[in-house]
Amino acid sequence: MARERLYLFDTTLRDGAQTNGVDFTLADKLAIAAMLDDLGIDYVEGGYPGANPTDTELFGTDRKFDTNFTAFGMTRRPGRSASNDPGLAALLEAKADAICFVAKAWDYHVRVALETTEEENLASISDSVRAAKAKGREVLLDCEHFFAGYKANSKYALACAKAAYDEGARWVVLCDTNGGTLPHEIETIVGEVCKVIPGDHVGIHAHNDTEQAVANSFAAVRAGARQIQGTLNGLGERCGNANLVSIIPTLKLKPEYSDTFEIGVSDAQLKKLALVSHALDERLNRGSNRHAPYVGESAFATKAGIHASAIAKDPATYEHVAPETVGNKRKVLVSEQAGKSNILAELERVGIKADKDDPRIGRLLEIVKERETAGYAYEAADASFEMLARRTLGTVPNYFDVTQFDVNVEQRNDAKGERVTVTLAVVKVRVGADNMISAAEGNGPVNALDRALRKDLGQYQKYIDGLKLTDYRVRILNSGTEAVTRVLIESEDENGDRWTTIGVSPNIIDASFQALMDSIIYKLVKSGAPA
Ligand SMILES: [Zn+2]
């Protein structure tokens, strides 16, 4: 049976750019657009040409994308003709495949915010759609505050949508601009709209103010809408927009939708989803949400012993979809509750062969429990767990020894008489028969130590050249009488592989040093560096 086509519209670069603390550069926008294009998204809204220099530049050049690269802007201003509105002119000049206009659909807003008549607002919609069609663009109309407007004056809200559709707009998008509408209301109202405008011309643009933007998007689809607008990781003003990273796999993997609908994202593209989601966070320089559905680090993580042994027998027992389908992976957490089956499952996952009757497995379990009591958290540091396991099982070569290190933090006046803090680390390393000394300055003690440690590892240097630290987190734990510091370091290599290591000590430099060492040795083992 032929499935119906459902279209995805991404507005990360326009509505998502409204997020507090997000400020995309031109390079950011181009990289994110390329990622979305690669993912198979039908429409990528780049921004608002004419509104700021970045967006004007973005739309100043032809972009070679498969996606419909879309420019956003306002309909013509009230009281002006379409040919005499500089804002509209800039939008029509933008190098874009599609133009998405935004117009008011709530009579109250038309009168109070626009200070114009209902008729003039309708004429502005028709004129703008006509002008963009004449320029050969595909046209969308975002009906702002559609749901609130519909509740106040359904006839007028519908008239706005209808004005665009009658003029040839490809899509009329119903926006829940303040994000307060509930799923059953969305379903009812979208159903009413689809009696007037065919559903394959109706889109939904939901905001997450009641944490139901995703549910609202699906409610609209059930009622007949065939375009979903959203953003990567639900980025967006206030509580964000509908999260496409949750919507896409649900459409692809849940028979309720996948039996009925087809989207532009292939199975192979779906496997890139976790990577795309994390790459956006990386670009925003923020940590990824561990608990994000489908793509979060914990999305397929299991803690308790009995669950772990069941998962080892058949993963489907505790997983609603297979983690690989979205580019994620299964994770069995090693924790205080860990039983032997947990340890064995985790060893298998990291690729270590072990015999369940090997007495060293029991010893590893003891060590993990002891260390977790001391403040280690291996469930957050899989690479350190792997190093601990390999050491206990005797499979980590002794690549090098740090025989001594020294970190010096000095505060003094510089030549201009300003107070500066200078940090210098000196590390003595023995690699085979060679003794080496490296020194490096850093913006802090851990940074200096890291740089000195990785400056010269002799014959092993080439294996760690692509290693970089991507995150560093510190927590002070109060365990009984004294406070200890727990350091988690996230590293990444030239292949984009990431891992986390841990260190615990009363001394923050010591704890950091342990985590740094684990990361370097993990990378050497992973790269198959010869002993
Ligand atoms: Zn919005």
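Indexing begins at 1, ligand by ligand and atom by atom, following the structure's order. Side-chain atoms are counted along with the backbone in the values below, which use heavy atoms only and exclude waters and symmetry mates.
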Original post:
From Asp15, does some N, O or S atom reach closer than 2.8 Å to the Zn ion (ligand 1)?
Top reply: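 Coordinating: yes.
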Subject >> Cys175 near the Zn ion (ligand 1): N/O/S under 2.8 Å >> reply: no
Subject >> Tyr378 and Phe385 aromatic ring geometry - parallel, tilted or perpendicular at 30°/60° bounds >> reply: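 Taking Tyr378 first and then Phe385, their aromatic rings stand perpendicular (interplane angle over 60°).
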**OP:** Describe, in one word, how the ring planes of Phe72 and Tyr48 are oriented to each other, choosing from parallel (under 30°), tilted (30 to 60°) and perpendicular (over 60°).
**Re:**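 Ring orientation, 0 to 90° scale: perpendicular.
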Subject >> Test: Glu262 and Arg5 ion pair at under 4.0 Å >> reply: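 No, no charged N to carboxylate O under 4.0 Å.
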Subject >> Asp85 and Arg80 ion-paired at < 4.0 Å >> reply: no
Original post:
If you look at His205, which of its N/O/S atoms is nearest to the Zn ion (ligand 1)?
Top reply: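 When I compare the N, O and S atoms of His205, NE2 is nearest to the Zn ion (ligand 1).
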